[in-house]
Amino acid sequence: MIPRVEDDYDDDYYDDEYYEEEENTPPPDGPLRKTVRAVGELLITAGLVVLLFVVYEVYVTDLISAGMQEDATLALDKEWGSNTVAEPPDPQRHQKLNLIEGKAFAKIYIPVFGPDWGFSIVEGTTDKHLEIGPGHYIGTALPGDNGNFAVAGHRVGKGAPFNDLDLLSSCNAIVVETQTEWFVYRVLPMRDEVAGWAEGKAKSQPCQGIAPLSTTLGEAYSKTVGQEIVAPTQGEVISPVPHVVGQQPPLEKQAKLMTLTTCHPRFSDRQRLIVHAVMTQSYPKKDGFVPPEMKEQ
Amino acid sequence: MYGWIWRHLPGPLYLRIAEAVVLVLGVVALLMFVVFPWAEPKLPFNNVTTPTN
């Protein structure tokens with residue numbers, strides 16, 4: 001026969017009430033325990049706040065900037081639509097862009113970034129301006145002019161217009177649209193391409209008419225190549241002739257350059273990524289006309 | 001801290017959950033629209049310009 005095991009328990013010892021009290025009410029927290037818990041909770045909270053800041057920086061600022069960019073573009077389209085310019089545009093006309101700080105005056109397209117990549121460029125490069133979109137350095141040349149048309153843009157958050165600037169290679173088109181004209185700039189040969197340019201890439205179709213500036217315009221342009229990474233203090237990259245400090249060559253001897261600046265590496269402001277391009281083509285604006293360069297992929 | 005807040009939320013359980021959600025959303029909104037926009041320019045990852053001369 002199997003013995004009845006249950007009956008061997010001492011019912012008094014396993015008193016239900018006594019047992020429950022032991023399990024459900026821990027001893028009251030001492031000051032040490034309370035402090036450790038508070039510090040732990042604060043640390044977890046701090047971690048969550050930092051994570052939230054990343055979300056803000058990378059996504060929320062994008063949303064805010066997208067709204068501002070849209071407003072700026074709408075205002076620009078309205079301005080372009082309202083005061084029509086007599087055709088053919090007078091050759092000096094593009095000099096008279098309506099430059100107001102924080103307002104858009106031109107549009108930039110980089111066809112290799114895809115057909116939906118386009119931004120309105122605002123005048124000015126303060127934080128407030130760059131929140132709206134790429135900003136034109138006040139006082140630098142205007143699109144199509146001799147000198148250096150310099151534009152800054154964010155690389156992370158705030159619409160990140162210049163996120164992929166490091167992916168541009170030589171001869172990629174950068175198209176700038178103003179009220180009356182289209183300007184096509186092309187990224188200059190990279191530093192390591194300069195030596196073999198004539199035998200190498202110069203023969204490919206989009207590179208027609210592009211040569212390292214040092215070979216066509218002389219030594220003053222020897223440092224002006226397609227891409228460079230510089231210290232944040234090197235303002236000379238946006239000089240009319242890049243890297244020339246102080247006295248510049250006369251205006252008519254200056255190339256028609258465009259310079260884009262953004263931060264480098266991403267998520268850091270340790271350096272600046274600089275892209276130089278030279279104007280190769282311009283078209284007057286006509287209804288329904290889109291420069292063929294816009295279709296380059 | 002969180003335990004203290006939870007114990008001091010009034011009402012039955014479902015109401016306390018609703019109150020807790022509102023509190024969390026309020027704090028997130030405060031961070032997103034007031035604290036972060038204020039703190040951001042002071043942090044070093046969005047300087048994209050070079051000095052103009």
Side-chain angles (χ1 to χ4, degrees), chain A residues 29 34 37-42 44-45 48-49 52-53 55-57 60-61 64 125-131 134-135 137-140 150 152-158 161-162 230-239 245-246 259-270 272-274, chain B:
Chain A
D29 291 346
K34 271 186 176 156
R37 180 188 297 147
V39 170
E41 283 179 349
L42 279 179
I44 293 172
T45 309
L48 287 175
V49 168
L52 207 61
F53 181 73
V55 172
Y56 168 80
E57 189 66 24
V60 179
T61 58
I64 298 171
T125 50
T126 66
D127 287 347
K128 279 269 159 286
H129 300 141
L130 294 179
E131 216 175 346
Y137 286 88
I138 294 171
T140 64
H154 280 294
R155 195 151 179 213
V156 171
K158 310 230 165 71
F162 289 174
V230 301
T233 51
Q234 286 179 265
E236 62 268 26
V237 293
I238 59 165
S239 298
V245 190
T259 296
L260 308 178
T261 74
T262 193
C263 55
H264 186 84
R266 287 179 79 191
F267 299 101
S268 163
D269 73 342
R270 206 151 19 109
R272 297 288 180 274
L273 174 67
I274 312 295
Chain B
M1 180 171 75
Y2 292 116
W4 183 90
I5 295 172
W6 180 251
R7 280 194 298 279
H8 285 76
L9 288 174
L13 181 66
Y14 68 90
L15 209 61
R16 285 169 154 207
I17 292 174
E19 288 160 4
V21 169
V22 168
L23 271 181
V24 169
L25 290 181
V27 171
V28 169
L30 185 74
L31 286 173
M32 288 282 182
F33 298 117
V34 182
V35 180
F36 291 162
W38 166 84
E40 200 210 0
K42 300 178 169 49
L43 294 168
F45 27 71
N46 260 317
N47 300 322
V48 294
T49 57
T50 66
T52 40
N53 301 318

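We name chains A, B, ... by the order of the sequence lines, and we start the count at 1 in each one. As the structure is a computational prediction, the values presented were derived from the model and not from experiment.
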Counting heavy-atom pairs under 4.5 angstrom with chain A, the leader among B:P37, B:A39, B:G3 is B:P37
Mind telling me whether A:Y56 and B:F36 have parallel, tilted or perpendicular rings, with 30° and 60° as the class edges?
tilted
Atom pair CD/CD of A:E131 and B:E40 - distance to nearest 0.5 Å:
7.5 Å
Non-hydrogen atoms of chain B under 4.5 Å away: do they reach the side chain of A:L130, the backbone, both or neither?
side chain
At a heavy-atom separation under 4.5 Å, does A:K158 approach chain B through its side chain, its backbone, both, or neither?
side chain
Between A:V245 and chain B, which part of the residue has a heavy atom less than 4.5 Å away: side chain, backbone, both or neither?
neither
Identify which of A:G153, A:A150, A:G135 forms the greatest number of heavy-atom pairs closer than 4.5 Å to chain B.
A:G153
Name the region of A:E41, side chain, backbone, both or neither, that has any atom closer than 4.5 Å to a heavy atom of chain B.
both
Answer whether the closest heavy-atom distance between the side chains of A:F53 and B:V35 falls below 4.5 Å.
no
Pick one of side chain, backbone, both or neither for A:I274, based on which atoms fall under 4.5 Å of a heavy atom in chain B.
side chain
Go through the atoms of A:T233 and report whether side chain, backbone, both or neither lie under 4.5 Å from a heavy atom of chain B.
backbone
